[in-house]
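A quick write-up on the structure given underneath.
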Amino acid sequence: MANRNVEFYQRLGVKRLINAASWITVYGGSIMPPAVVSAMEDASRWFVDMHDLNAKAGQVIANLTGAEAGLVTAGSAAGMVLEAAACMAGSDPAKVWRLPDTTGMKNEIILHRAHRVNYDHNFRAAGATLVEIGNSGSTNEWELADAINENTAAVAYIFGPRRGGALPLDKVVEIAHERDVPVIVDAAAMLPPPENLTQFIEMGADLVSFSGGKGVLGPQSTGILAGRADLIEAAYANGAPNSDSIGRAAKVCKEEIAGIVTALEIFVDTDFDAVMSGWRDQCVLVIEALEDIPGLRVELSEARPEMLESMSNAPRAVIHFDQDWKGPSQERILQMLEDGDPGVRVNSSGFEGEIAIIPVNLRPGEEVELAQRLREVLTNG
Ligand SMILES: *Cc1c(COP(=O)(O)O)cnc(C)c1O
């Protein structure tokens with residue numbers, strides 16, 4: 001069972017959460033394996049030159065992604081700021097200094113309407129102007145070709161949840177590259193499967209940003225950027241440790257670099273068939289504890305990584321409420337789960353009021369406690 005006594009949180013009076021909602025930033029991201037924590041502690045004992053450390057860590061990222069170069073970032077959102085800055089300012093110190101004022105630079109970033117997510121703010125944070133193409137359900141190739149002009153700094157591509165309606169990445173790369181425009185990708189939540197570390201680079205993306213604190217199980221405040229050597233150099237010029245840069249507000253410390261590099265090395269060595277089957281078992285236990293409750297349909301939904309959407313990379317247990325459901329409303333259920341101690345967080349972002357149990361962040365054995373709490377709330381609420 002997970003350790004129930006964390007002295008620090010107890011001292012501050014912060015209650016524990018059972019996180020059945022996935023790698024969600026506001027619930028703490030993920031839990032680092034002990035080897036990652038000890039690598040961070042190890043790295044805390046010496047001073048090093050941060051340029052040297054960043055270069056060596058970048059080389060590890062390049063090797064694991066198959067990209068020309070790599071960089072540790074302060075999360076995928078920070079990676080997106082650096083992607084935009086790199087494509088607008090390059091490594092020219094005068095332009096690096098000027099951002100987010102983009103006077104004298106290409107500053108338009110083309111984005112599918114189907115890719116509008118809260119995180120596209122990060123491109124604007126660097127000073128870019130977003131140019132939308134397509135609609136929520138479909139996009140034509142000519143719309144992308146037509147949107148590219150002499151002010152286009154990049155075409156962005158975001159693997160969020162439900163990105164239906166966007167052109168496929170390889171088609172976007174083809175159209176953009178014919179016009180000498182780089183393609184920048186946010187693939188924050190697309191790991192696992194580990195194949196995605198190389199897949200988008202192989203498709204020709206010029207820069208790809210991933211979260212380190214989601215499925216990679218690195219420090220929550222880290223991410224990685226991989227791609228073309230000149231653009232990674234430009235991304236670095238636009239960020240920490242360089243003090244006069246747009247990305248300086250997203251600094252990464254030496255301990256975090258040790259943590260994310262170690263997490264990545266463990267990640268690519270992980271047997272994900274075994275991990276998936278453990279997650280499936282946790283779902284099945286929850287399903288079996290709830291399936292006799294009248295008015296509910298509780299079923300296993302398998303991972304669909306081929307959909308290339310975030311949240312499609314793990315199995316889940318889904319609780320559907322029938323027409324004749326007599327129990328508490330979904331709102332009340334979520335509130336009761338939150339109010340308990342430990343609090344419980346589930347995924348409620350479905351279209352039909354269903355509740356999904358996403359097992360990726362359940363600590364070993366926590367599924368038993370979770371199933372009990374769900375049963376209590378669903379039957380006594
Ligand atoms: C989580 C997420 C981000 C932000 O990643 P961080 O590593 O938390 O900065 C960006 N885009 C998408 C689609 C995400 O899911």
Side-chain angles (χ1 to χ4, degrees), residues 19 21-32 36 57 61 65 70-85 109 111-126 128 130 154 156-166 169 172 183-193 196-197 199-200 205 207-226 235 239-240 246-253 256-257 259-261 263-264 267 303-305 307-314 316 345 347 349 356 358 360-361:
N19 179 355
S22 182
W23 299 293
I24 306 288
T25 296
V26 291
Y27 307 149
S30 55
I31 299 273
M32 296 180 278
V36 172
I61 294 166
T65 56
L71 178 65
V72 173
T73 65
S76 200
M80 294 165 81
V81 174
L82 296 180
E83 286 180 334
I109 293 186
L111 185 71
H112 287 80
R113 278 203 175 77
H115 285 180
R116 288 308 304 258
V117 293
N118 353 20
Y119 298 104
D120 56 43
H121 194 135
N122 298 295
F123 297 136
R124 288 191 291 118
L130 299 181
Y157 203 89
I158 298 185
F159 289 104
R162 304 183 195 125
R163 42 166 211 104
L169 177 60
V172 168
V183 175
I184 56 179
V185 175
D186 170 33
M190 299 302 286
L191 300 173
N196 285 346
L197 270 176
Q199 174 165 213
F200 310 130
L207 283 175
V208 183
S209 179
F210 294 100
S211 289
K214 293 180 177 172
V216 178
L217 310 184
Q220 190 186 358
S221 50
T222 63
I224 61 169
L225 194 59
I246 191 94
R248 176 59 177 77
K251 179 165 74 174
V252 191
C253 70
E256 289 170 314
I257 294 176
I260 182 60
V261 167
L264 270 175
F267 176 78
R304 301 272 313 276
M307 284 169 72
L308 290 181
E309 293 180 359
S310 68
M311 312 281 275
S312 67
N313 43 12
R316 58 183 63 199
R345 296 293 194 280
N347 178 293
S349 64
I358 303 180
V360 299
N361 266 334

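Counting starts at 1 for both ligands and their atoms, following the listed order. All values reported here derive from a predicted model rather than from experimental measurement.
In terms of polar-atom proximity, defined here as any N/O pair under 3.5 Å, Y119 makes no such contact with ligand 1. Considering backbone and side-chain atoms alike, T222 places every N or O at 3.5 Å or more from each N or O of ligand 1. Polar contact with ligand 1: absent for M80 (N/O pair, distance under 3.5 Å).
Residue D186 is tested with S76, S211, S209 for a side-chain hydrogen bond (donor to acceptor under 3.5 Å, both in side chains); the sole match is S76.
The shortest contact between atom 5 (O) of ligand 1 and any protein heavy atom is with S211 OG, 3.1 Å. Protein heavy atom at the shortest distance from atom 9 (O) of ligand 1 is A77 N, 2.9 Å.
Residue contacts with ligand 1, taken as heavy atom pairs separated by less than 4.0 Å, involve S76 via backbone and side-chain atoms alike.
Side-chain contact check for L130 versus R124: some heavy-atom pair is nearer than 4.5 Å.
Aromatic rings of Y157 and F200 (six-membered ring for Trp) have centroids beyond the 6.0 Å cut-off, not under it.
Of the possible polar contacts, none joining the T73 side chain to the A78 backbone as a donor-acceptor pair under 3.5 Å is found.
Open room surrounds CZ on R304; 12 or fewer heavy atoms of other groups in view lie less than 6.0 Å from it.
Here atom 14 (C) of ligand 1 lies nearest to K214 when heavy atoms of H121, K214, M190 are compared.
For ligand 1, the atoms closer than 4.0 angstrom to any heavy atom of G75 are 7 (O), 9 (O). Against a heavy-atom cut-off of under 4.0 Å, D186 is close to the following atoms of ligand 1: 10 (C), 11 (N), 12 (C), 13 (C).
Residues N361 and S22 bring no donor and acceptor atom of their side chains to less than 3.5 Å of each other.
Residue contacts with ligand 1 include T25, since one of its heavy atoms falls under 4.0 Å from the ligand.
Counting all heavy atoms, side chain and backbone alike, M311 lies closest to I358 at CE-CD1, 3.8 Å.
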